[in-house]
Protein chains: 2
Amino acid sequence: MTATDATPPIRLLLCDDHAVVRAGLLALLSSTAGIEVVGEAGSGEEALAMAARVRPDVVLMDLQLGDGMDGVEATRRLASGTGPTPPQEPAPRVLVLTMFDTDADIARAIEAGATGYLLKAERPEELFAAIRNAAAGRTALSAPVADRLMAQMRTPRPTLSERERDILQQLARGLGNREIARALFISEATVKTHLGRIYGKLGVDTRAGAVAVATGRRLLG
Amino acid sequence: MTATDATPPIRLLLCDDHAVVRAGLLALLSSTAGIEVVGEAGSGEEALAMAARVRPDVVLMDLQLGDGMDGVEATRRLASGTGPTPPQEPAPRVLVLTMFDTDADIARAIEAGATGYLLKAERPEELFAAIRNAAAGRTALSAPVADRLMAQMRTPRPTLSERERDILQQLARGLGNREIARALFISEATVKTHLGRIYGKLGVDTRAGAVAVATGRRLLG
DNA sequence: GGCGGGGTCAACCGATCGGATGATGCGGAG
DNA sequence: CTCCGCATCATCCGATCGGTTGACCCCGCC
């Protein structure tokens with residue numbers, strides 16, 4: 001509404017695996033002053049290729065991307081400029097737009113280099129503001145996300161090691177200890193040891209409970 | 001493009017718990033000829049109240065609606081005209097627009113009276129066509145959904161009884177047999193009997209496996 | 001070099017689970 | 001009325017799991 005047309009529009013790339021949602025965002029953002037949607041992608045791979053071509057200022061990235069590369073990995077490559085064409089001059093800012101405000105998702109996205117993290121449940125105005133902030137290099141977190149981050153800093157969760165996550169993943173497939181052992185090429189005893197530590201860290205005492213907590217915290221791939 | 005403006009526009013009500021997605025759909029559909037968005041709702045309760053007021057021709061309904069009433073229940077009440085104001089003259093057509101094409105979701109939605117079922121991954125043109133079909137009372141299923149329906153008819157899955165789903169739900173919380181028994185006010189022996197049948201129906205032989213298959217088929221609340 | 005965290009493994013034991021069998025009551029379909 | 005599916009319960013037994021303890025190795029850090 002105000003006279004902000006002096007600056008060139010923000011070049012935006014959409015990445016979401018749901019075509020209808022993507023089309024909706026396109027329609028929504030195209031009619032927003034100061035923003036120009038320069039591309040759409042339905043997968044992480046597409047986003048990387050498209051970004052290398054159109055060089056957007058900001059990538060609006062969903063974390064859940066169906067089959068192929070997940071949003072975190074796509075974010076990592078985009079933000080680090082490690083695209084298919086190696087020397088990505090100005091790495092685009094990645095703004096994560098997703099449905100979940102889980103600790104694990106937030107942490108992974110930020111660690112991967114996201115400039116912002118906001119929720120699809122947020123008001124559209126927040127989205128516009130976040131895009132502008134991201135374009136300017138400012139961090140953009142929506143309120144619930146910021147809350148969770150602060151809470152996480154105050155009471156740091158015991159973090160699962162990579163191996164423990166491996167175990168947990170097999171566990172969530174419903175495998176028994178012996179099968180997990182075979183799947184990961186370790187002994188059954190080791191599996192039990194890991195499971196013991198996992199129980200401790202997740203605050204449960206049964207394997208089904210571990211699966212429940214893990215799915216709740218979205219610790220699984 | 002063609003001269004179809006002779007008929008009045010289709011009055012549409014959006015129901016999706018994610019404000020950004022809703023705004024996107026609004027922007028997308030508002031610019032579509034023959035469709036008029038007459039309301040938005042962010043929850044099932046809101047959708048019911050809003051539908052009673054604005055009397056839409058079609059309700060575009062997401063199945064996953066956060067905390068309150070779920071999309072299936074909202075669909076059931078809308079389609080049966082069992083709103084807050086009992087005698088709902090012409091019950092609106094409900095077109096389900098969701099992310100998942102799971103057998104369980106499809107079956108529940110159709111059973112609840114949905115006129116159509118399509119996926120957010122579908123092309124926007126499919127959405128427009130489906131809305132027009134729904135308004136005319138024609139069933140609108142997107143291709144993958146129709147495929148699954150046919151496959152389900154050909155090889156009918158053994159369906160879990162309600163009680164078995166109760167057991168499964170407790171199981172997915174990580175409870176042991178004794179705890180499940182207490183939670184459902186039955187004996188431990190009964191729990192085991194149910195579990196045995198559940199294993200058979202799901203084709204697994206461990207409790208963790210049952211949880212895995214159940215989550216995969218989205219059999220849990 | 002010491003120290004600690006992460007990963008690996010073994011052996012043990014009590015509790016639990018899985019599976020089978022048999023039985024009862026109840027409701028709806030034929 | 002009879003049959004059948006569903007839910008309920010009991011009993012038994014072998015297999016498995018959970019929890020613990022103790023141990024070893026490797027690697028990075030101080």
Side-chain angles (χ1 to χ4, degrees), chain A residues 104 107-108 111 155-217 219-221, chain B residues 104 107-108 111 152 155-215 217 219-221:
Chain A
R108 290 196 311 151
E111 178 268 331
T155 58
R157 293 194 179 286
T159 170
L160 293 184
S161 74
E162 188 177 347
R163 202 50 166 165
E164 285 161 355
R165 280 195 300 272
D166 290 340
I167 303 278
L168 194 53
Q169 190 148 7
Q170 301 305 318
L171 178 62
R173 291 177 49 201
L175 302 186
N177 286 347
R178 188 170 308 160
E179 298 166 294
I180 296 177
R182 289 213 185 110
L184 299 181
F185 306 105
I186 55 180
S187 91
E188 196 177 335
T190 304
V191 174
K192 287 159 89 170
T193 305
H194 282 306
L195 277 178
R197 280 194 284 264
I198 291 174
Y199 293 151
K201 289 184 179 178
L202 296 186
V204 298
D205 58 352
T206 68
R207 51 185 40 224
V211 173
V213 171
T215 53
R217 293 191 192 166
L219 297 174
L220 309 172
Chain B
R108 290 196 310 152
E111 178 269 331
Q152 197 172 357
T155 58
R157 293 194 179 287
T159 170
L160 293 184
S161 74
E162 188 178 348
R163 202 49 168 165
E164 285 161 354
R165 281 195 300 271
D166 290 341
I167 303 276
L168 194 53
Q169 191 148 6
Q170 301 306 317
L171 178 61
R173 291 176 48 200
L175 302 186
N177 287 346
R178 187 170 308 159
E179 297 165 296
I180 296 177
R182 290 213 184 110
L184 299 181
F185 306 105
I186 56 180
S187 90
E188 195 177 337
T190 305
V191 173
K192 286 161 77 169
T193 305
H194 281 306
L195 277 179
R197 278 194 284 266
I198 292 175
Y199 294 153
K201 289 185 179 178
L202 296 187
V204 299
D205 59 350
T206 69
R207 49 184 44 223
V211 174
V213 171
T215 55
R217 293 191 193 167
L219 298 174
L220 309 173

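Here is how names work: the chains are called A, B, and so on, in the same order as the sequence lines, proteins then strands, and each is numbered from 1.
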Undergrad: Starting at CZ of F185(B) and ending at C1' of dC9(D), how long is that distance when rounded to a whole Å?
TA: 18 Å
Undergrad: Return the minimal non-hydrogen interatomic distance between L202(B) and A210(B), and the atom names on each side.
TA: CD1-O, 3.9 Å
Undergrad: Scan G196(B) against the nucleic acid and name what it touches under 4.0 Å (heavy atoms): base, sugar-phosphate only, or nothing.
TA: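 Nothing: the residue G196(B), judged by heavy atoms under 4.0 Å, touches no strand.
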Undergrad: Rounded to whole angstrom units, what separation is found between the CG atom of N177(B) and the C1' atom of dG18(D)?
TA: 15 Å
Undergrad: Atom CG of L184(B) and atom P of dC9(D): how far apart are they, to the nearest Å?
TA: 11 Å
Undergrad: Less than 4.5 Å apart, side chain to side chain, heavy atoms only: is that true for H194(A) and D166(A)?
TA: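 When only atoms from C-beta onward are counted, D166(A) and H194(A) do not touch, as no gap falls below 4.5 Å.
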Undergrad: H194(A) has an atom NE2; how far is it from atom P of dT8(C), in whole Å?
TA: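 The answer, rounded to whole Å, is 4 Å.
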Undergrad: Whole-Å distance between dA15(D) C1' and E188(A) CD?
TA: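 My rounded result for the distance is 11 Å.
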Undergrad: Does A189(A) or R178(A) map to a spot on DNA chain D nearer the 5' end, using the closest nucleotide for each?
TA: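 The 5'-side residue here is R178(A).
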Undergrad: Of the listed nucleotides (dC17(C), dT8(D), dC9(C)), which one gets closest to any side-chain atom of I186(A)?
TA: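 Looking only at heavy atoms from C-beta outward on I186(A), the closest nucleotide is dC9(C).
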Undergrad: Taking all heavy atoms of A212(B) and all of G174(A), pick out the closest pair and write down the distance.
TA: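 Closest approach of A212(B) to G174(A), heavy atoms only: CB-N, 4.1 Å.
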Undergrad: Looking only at heavy atoms, what is the nearest atom pair of A214(A) and L168(A), with distance?
TA: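 Scanning both residues completely, I find the closest heavy atoms to be CB-CD2, 3.6 Å.
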Undergrad: Heavy atoms under 4.0 Å, any strand shown: does S161(A) hit a base, just sugar-phosphate, or nothing?
TA: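 Sugar-phosphate, backbone atoms only, no base.
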Undergrad: Would you say the side chain of V191(A) lies within less than 4.5 Å of the side chain of L175(A), judging by non-hydrogen atoms?
TA: no
Undergrad: Tell me which nucleotide among dC9(C), dG7(C), dT8(D) gets nearest to the side chain of S187(A).
TA: dC9(C)
Undergrad: Between D205(B) and E164(A), which has a closest nucleotide on DNA chain C that is more 5'?
TA: E164(A)
Undergrad: Report yes if some heavy atom in the side chain of I186(B) is under 4.5 Å from a heavy atom in the side chain of R163(B); otherwise report no.
TA: yes
Undergrad: Has the side chain of T193(B) got a donor or acceptor that lies under 3.5 Å from a partner of the other kind on the base of dC9(D)?
TA: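 Donor-acceptor pair under 3.5 Å: yes.
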Undergrad: To the nearest 10°, give me the bend of the helix from dG1(C)-dC30(D) to dG30(C)-dC1(D), comparing the axes of its five terminal pairs at either end.
TA: 40°
Undergrad: Would you kindly give the NZ-to-P distance between K192(B) and dA15(C), to the nearest whole Å?
TA: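 My rounded result for the distance is 15 Å.
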Undergrad: Would you say R207(A) reaches dT16(D)'s phosphate, i.e. side-chain N/O to OP1/OP2 under 4.0 Å?
TA: no
Undergrad: Would you say the side chain of Q170(B) lies within less than 4.5 Å of the side chain of E179(B), judging by non-hydrogen atoms?
TA: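 Of all side-chain heavy-atom pairs linking Q170(B) with E179(B), none is under 4.5 Å.
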Undergrad: Can you find a side chain N or O atom of T190(B) that sits less than 4.0 Å from OP1 or OP2 on dA7(D)?
TA: no
Undergrad: Nearest whole angstrom, please: distance from the P of dA20(C) to the OH of Y199(B).
TA: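 That distance rounds to 12 Å.
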Undergrad: Could you give the CD1-to-P distance, from I167(A) to dG7(C), as a whole number of Å?
TA: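 Between P of dG7(C) and CD1 of I167(A): 9 Å.
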